[in-house]
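All residue numbers refer to positions in the sequence shown, counting from 1.
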Amino acid sequence: MKLISMRAWNRTKLLWGYLRGRERLGALPVEYIVETTAKCNLYCPMCPRETYKQPKEDMTEEIFSRLVRESADSAEHMMLIGLGEPFLDPHIFERIEYCQRHNIHTLLSTNGTFLDEETSARLLDGPLAHITLSFDGYTKESFEFYRKGAKFEKVRDNYLRFARMKKQRGRGPQVVVQMVRMEGNASEVDDFVRFWSAVEGVDQVRVKEDETNLMRPDAGHTASDWLHPCHYLWRGPMYVKWNGDVYPCCQSYMVGGEPVGNVGTESLPRIFDNEEMRRMRRLHVAGRAGEIGICSRCCTTIPHPLLVAGSLLFHGSTVRRLLPLVERLTYLAKLPKRLLTPPKRVQAVSAKPQELVRISSPEASTEAPLETREPPADS
């Protein structure tokens, strides 16, 4: 009960600070993105890994435990993801359980290549709260273009088996199947949503806007988009790299930003209210976010203050559950478009769609789209 009260008070201070445009908060984020590993087994053209080369390193136990301990009175949700595949972290299950012991909900996002039956069972029987199953395409061609090194059939079957196992158990994390909408798969959205919405064990289907500027370097926010301060600087999530470097948000490392501190050598309260964080908040409140280098190059969707305020009224895990629904309703015009401001194209570009390249291999098959095939017996 004491912990609930402390977290509610922390959210109250964040909400008041955001609404009043305060630069010093005396609170901590409710959410964190924690890169427990920088290792990955795929090449994805929209991923910043290819621009900002990553070492094959994992976060140390010392840094991770310090982060969890320092944030335990305020953190409600930790996304154990980053520029690596979580299942390449040999300690990922221990980290999930460590967060659970501190009453922090956890989320994983996976490319599905390691989601075999044993891993699935361990996840479903553990305390993980949410899992995002990334699947960027409805057809083999588009999926293997955006997920180079992954096999369409294998990942699809891994996800179908995971959903079936969850359904059989009657328990497990919230399961979201997610596609990042890009030029090469935009025409497949309806088919993608229809197929995965019909799979028992899948709780939500999310079609997320591409928030990197690698596949569309002409996209970004104009000065007129920054009418309201960005929520990342107040409620989080803050981004913590494998080496303990802390960034203001999950976008800042993708646009060449510098860390604002290191959790291995500085306390979280000191980092969150340091001079650089206060400077960025001041400029956002003044409507001058475009003067900040990383913000001027940012491609994330900006939520309206009503959504930011609403997100601070609920537990972080609840907000994470509601996010795909809010996005979908807004993009389907069921909610006002001004609630979410996506990045714009800032210069003219060719309207010609990007050509998809089939990944060929000796064992490659020419299969039809998802919905026309029956899943194999073991999926």
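A salt bridge links Lys140 to Glu153: one of the charged nitrogens lies within less than 4.0 Å of a carboxylate oxygen. Classification of Glu76 and Arg7 as a salt-bridged pair fails, no side-chain N sitting under 4.0 Å from a carboxylate O. Ion pairing between a basic and an acidic side chain is recognised when a charged N comes within 4.0 Å of a carboxylate O; Lys154 and Asp116 show no such pairing. With respect to the salt-bridge test (charged N to carboxylate O, under 4.0 angstrom), the residues Lys166 and Asp203 qualify.
Judged purely by distance below 3.5 Å, without hydrogens or angles, the side chains of Thr139 and Glu188 pair a donor atom with an acceptor atom. Checking Glu85 against Asn111 by side-chain atom types alone, a donor-acceptor pair falls below 3.5 Å. One side chain, Ser311 or Arg235, offers a donor N or O that lies under 3.5 Å from an acceptor on the other. Side-chain atoms of Asp58 and Thr36 include no donor-acceptor pair closer than 3.5 Å.
With a 6.0 Å radius and a threshold of 12 heavy atoms from other residues, nucleotides or ligands, Glu258 has its CD atom at or below the threshold. Counting non-hydrogen atoms of neighbouring residues, nucleotides and ligands closer than 6.0 angstrom, the CD atom of Gln168 exceeds 12 such neighbours.
Between Pro86 and Phe114 there is no side-chain heavy-atom pair separated by less than 4.5 Å. Within the 4.5 Å cutoff, side-chain heavy atoms of Phe162 are placed close to those of Ile131. In this structure the side chain of Tyr138 never reaches within 4.5 angstrom of the side chain of Val189, judged on heavy atoms.
Annotation: side chain to side chain donor-acceptor pair (under 3.5 Å) contacts of Glu275 (sequence neighbours excluded): Arg278, Arg282. Annotation: side chain to side chain donor-acceptor pair (under 3.5 Å) contacts of Asp73 (sequence neighbours excluded): none. For Phe87, there are no ring pair (Phe, Tyr, Trp, His ring centres under 6.0 Å) partners at least two apart in sequence or on another chain.
Of the possible donor and acceptor atoms, one in the side chain of Lys39 sits under 3.5 Å from a partner among the backbone N and O of Leu88. In this structure, the side chain of Ser197 does not engage the main chain of Arg194 through any donor-acceptor pair within 3.5 Å. Side-chain N or O atoms of Arg22 include none that pairs as donor or acceptor with a backbone N or O of Trp16 at under 3.5 Å. With hydrogens and angles disregarded, a donor-acceptor distance shorter than 3.5 Å links the side chain of Glu70 to the backbone of Leu268. The closest donor-acceptor contact from the side chain of Glu35 to the backbone of Leu83 lies under 3.5 Å.
Note: Phe135 and Phe152 meet the aromatic proximity criterion, with ring centroids under 6.0 Å apart. Aromatic pair His77/His130: ring centres closer than 6.0 Å.
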